[in-house]
A.B. asks: 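Can you read through this structure? Questions will come right after.
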Protein chains: 2
Amino acid sequence: MVQPMSPSLPDGVVPVPLSVDLVLLTVRDDQLAVLLVRRGIDPYRGRWALPGGFVRPGEDLADAAVRELAEETGLRHRPAHLEQLATYGTPGRDPRGHVVTVAFLALAPQSRAPVAGTDAAASRWAPLRDTSTAELAFDHAAILADGLERARSKIEYSAVATAFCEPEFTVADLRRIYELVWGCRLDPRNFHRKVTGTAGFLLPTGRFTTPDSGRPAELYRRGEAGVLHPAMLRPAREHPEQKRPEQS
Amino acid sequence: MVQPMSPSLPDGVVPVPLSVDLVLLTVRDDQLAVLLVRRGIDPYRGRWALPGGFVRPGEDLADAAVRELAEETGLRHRPAHLEQLATYGTPGRDPRGHVVTVAFLALAPQSRAPVAGTDAAASRWAPLRDTSTAELAFDHAAILADGLERARSKIEYSAVATAFCEPEFTVADLRRIYELVWGCRLDPRNFHRKVTGTAGFLLPTGRFTTPDSGRPAELYRRGEAGVLHPAMLRPAREHPEQKRPEQS
DNA sequence: AGAATAGTGTCTTTGAGACAATATCTA
DNA sequence: TAGATATTGTCTCAAAGACACTATTCT
């Protein structure tokens, strides 16, 4: 018998090199920042890129993302939040041929995400405000833009914004996260009312900060809620509202 | 010189068989239905599965999805809506080895989506209400569930529900779409107010239906809006609200 | 007229946004 | 005390949900 135990693939199937890339966001020095690595090999040698690498045989996609993160940047902890973003397979996106990459979005608090001794070439936290993403290798500028947009919309209706925070945090900490991710100012009083009024979002600890100035703030933990009811509404983009008044 | 023109992949990279699968939804006989094909080869020969197949070298992912749809079901038209859903690469999801699949979600009106003469094995529209998804091949039950959930949430904040409709449709047609996708009843009067009041959602044509009974309904076309402001709120799931009244 | 479906109006409640006022700390 | 930040409260407006009513066709 020449038939193997497991069925084989149809003839003519050409396998594809598959990689994972990671958009890891954090808040650092009061700025939203993304983790970048400097490429040590061609193509794009010396250019900044998202951390990532090739998937190994039999390896799960999310596992590959976490492994590459650890190998390239020394980050040992699994990020507080990790989700699949999208898969990019447009021909020509990689000069080495038809390489398809699965991108992930990860969020982490700064304390758990220092860029320590790294195996690979240099890595750094790039503040998104000051960084020109046009310099990134491959199509990583587009992937980063998609990751940012995902983060911006996801903190609206889910509690993932707490993934940027330490285990215990204040309402002001969380508000700053929203402000930095959305790039706008939020009213502290309305924000406080919303966030403490949304069931399951925050868990009061009864403990307080001891700030240098000002009234101490209560410390909270993430609640069990994954989805927010009601959602945190992002301030409306200045819509060129084409509201034509209907005629009588 | 042995160096090729384009840089080569690092040593040790093992390419992966990459496929695409399609969750194509439509409304048929007043029911939400998904397109399934019967597998003609092992593994899972004779079982129902989502339409899909392997990506060809240098082929874009979305193109592969549309091509496989045409080959397997004879559907020539590009679906009214096509978006990437997620990528599934858990080891063991395919008995033939480590096969990774990129799933797409597609929506189409029934008129454009008859299952005509098909190249491959049988295909059918499976009403989601009556169909046991446990019989599907591979992890297609999970992919279908993810696609459904994506559709359910996406019609909340975007105008994609019109992708289920003919080019010209009534408010009642659109309401039936929402009811079938969400699996609930909606108040016709409030729905009408919401949907006609959301800028850019619907474009009145000034023409009317000629029904057998009842007042004629105005016909609309899809507007230019992709995102809805305000969103169509899905009726709240019956939350086991853990609203503990705070003590004074 | 009566049935059927389309579309409008009205009331109530919820929640968002603007902003005043109070509370609790440090220097 | 002044300065700073946290938290509560109040008012107004927009929009959702419930539901009565009018409009336009058919038999």
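Keep in mind it's a predicted model, so treat the numbers as computed, not measured. Labels below follow one simple rule: chain letters A, B, ... track the order of the sequence lines, proteins then strands, and each chain is numbered from 1.
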A.B. asks: Can you check nucleotides 7-10 of chain C for protein contacts, nitrogen or oxygen pairs under 3.5 Å, and list what you find?
C.D. replies:
residue, atom, partner, partner atom, Å
C:dG7, OP1, B:E218, N, 2.8

A.B. asks: Should B:K194 be listed as having a side-chain N or O under 4.0 Å from OP1 or OP2 of D:dA15?
C.D. replies: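 So the side-chain polar atoms of B:K194 never come under 4.0 Å of the phosphate oxygens OP1 or OP2 of D:dA15.
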A.B. asks: Heavy-atom nearest nucleotide on DNA chain C for A:D212 versus A:L233: which residue maps closer to 5'?
C.D. replies: A:L233
A.B. asks: If only atom types and distance count, is the side chain of A:S153 paired as donor or acceptor with the main-chain N or O of A:R150 below 3.5 Å?
C.D. replies: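 Yes, A:S153 side chain to A:R150 backbone: donor-acceptor pair under 3.5 Å.
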A.B. asks: Rounded to whole Å, how long is the line connecting atom CG of A:L174 with atom C1' of D:dT5?
C.D. replies: 17 Å
A.B. asks: With nearest nucleotide decided by heavy atoms, which residue, B:R175 or A:M232, maps closer to the 5′ end of DNA chain C?
C.D. replies: B:R175
A.B. asks: For the helix from C:dA1-D:dT27 to C:dA27-D:dT1, what angle separates the axis at the start from the axis at the finish, each from five pairs, in steps of 10°?
C.D. replies: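 Taking the rotation axis at each end, their angle is 10°.
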A.B. asks: For B:G206, does its backbone N or O pair with a side-chain atom of B:E218 as donor and acceptor, under 3.5 Å?
C.D. replies: yes
A.B. asks: Would you mind reading off the distance between A:R207 atom CZ and C:dT24 atom P, rounded to a whole angstrom?
C.D. replies: 20 Å
A.B. asks: Would you mind reading off the distance between A:L202 atom CG and D:dA6 atom C1', rounded to a whole angstrom?
C.D. replies: 15 Å
A.B. asks: The side chain of B:S213 is closest to which nucleotide in this list: D:dT5, C:dA16, C:dA4?
C.D. replies: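 Selected nucleotide (nearest to the side chain): C:dA4.
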A.B. asks: Report yes if the side chains of B:T87 and A:Q84 come closer than 4.5 Å at any heavy-atom pair, otherwise no.
C.D. replies: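 Answer yes - side chains close enough.
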A.B. asks: Distance check, rounded to the nearest 0.5 Å: B:E72 atom CD versus B:R38 atom CZ?
C.D. replies: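 CZ of B:R38 is found 13.5 Å from CD of B:E72.
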A.B. asks: Need one value for A:D187: base, sugar-phosphate or nothing, where a base atom within 4.0 Å counts as base even if backbone is also close, heavy atoms only.
C.D. replies: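 Counting heavy atoms under 4.0 Å across all strands, the contact made by A:D187 includes a base.
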A.B. asks: Should A:R234 and A:E149 count as an ion pair when the cut-off is N to O under 4.0 Å?
C.D. replies: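 Yes, charged N to carboxylate O under 4.0 Å.
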A.B. asks: What is the distance, rounded to the nearest whole Å, between atom CZ of A:R185 and atom P of C:dG17?
C.D. replies: 16 Å
A.B. asks: Please confirm whether A:Y178 and A:F191 have ring centers closer than 6.0 angstrom.
C.D. replies: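 Aromatic pair counts; centres sit under 6.0 Å.
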A.B. asks: Below 4.0 angstrom, N of the basic side chain to O of the carboxylate: do A:R152 and A:E179 qualify?
C.D. replies: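 The answer is no: the pair does not qualify as a salt bridge.
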A.B. asks: Return yes when atom CG of B:D130 has more than 12 non-hydrogen atoms of other residues, nucleotides or ligands closer than 6.0 Å, and no otherwise.
C.D. replies: yes
A.B. asks: Using 0.5 Å steps for rounding, measure from the CG atom of A:L75 to the CD atom of A:E68.
C.D. replies: 13.0 Å
A.B. asks: CG of A:L186 versus P of D:dT5: gap in Å, rounded?
C.D. replies: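 Going from A:L186 (CG) to D:dT5 (P), I get 17 Å.
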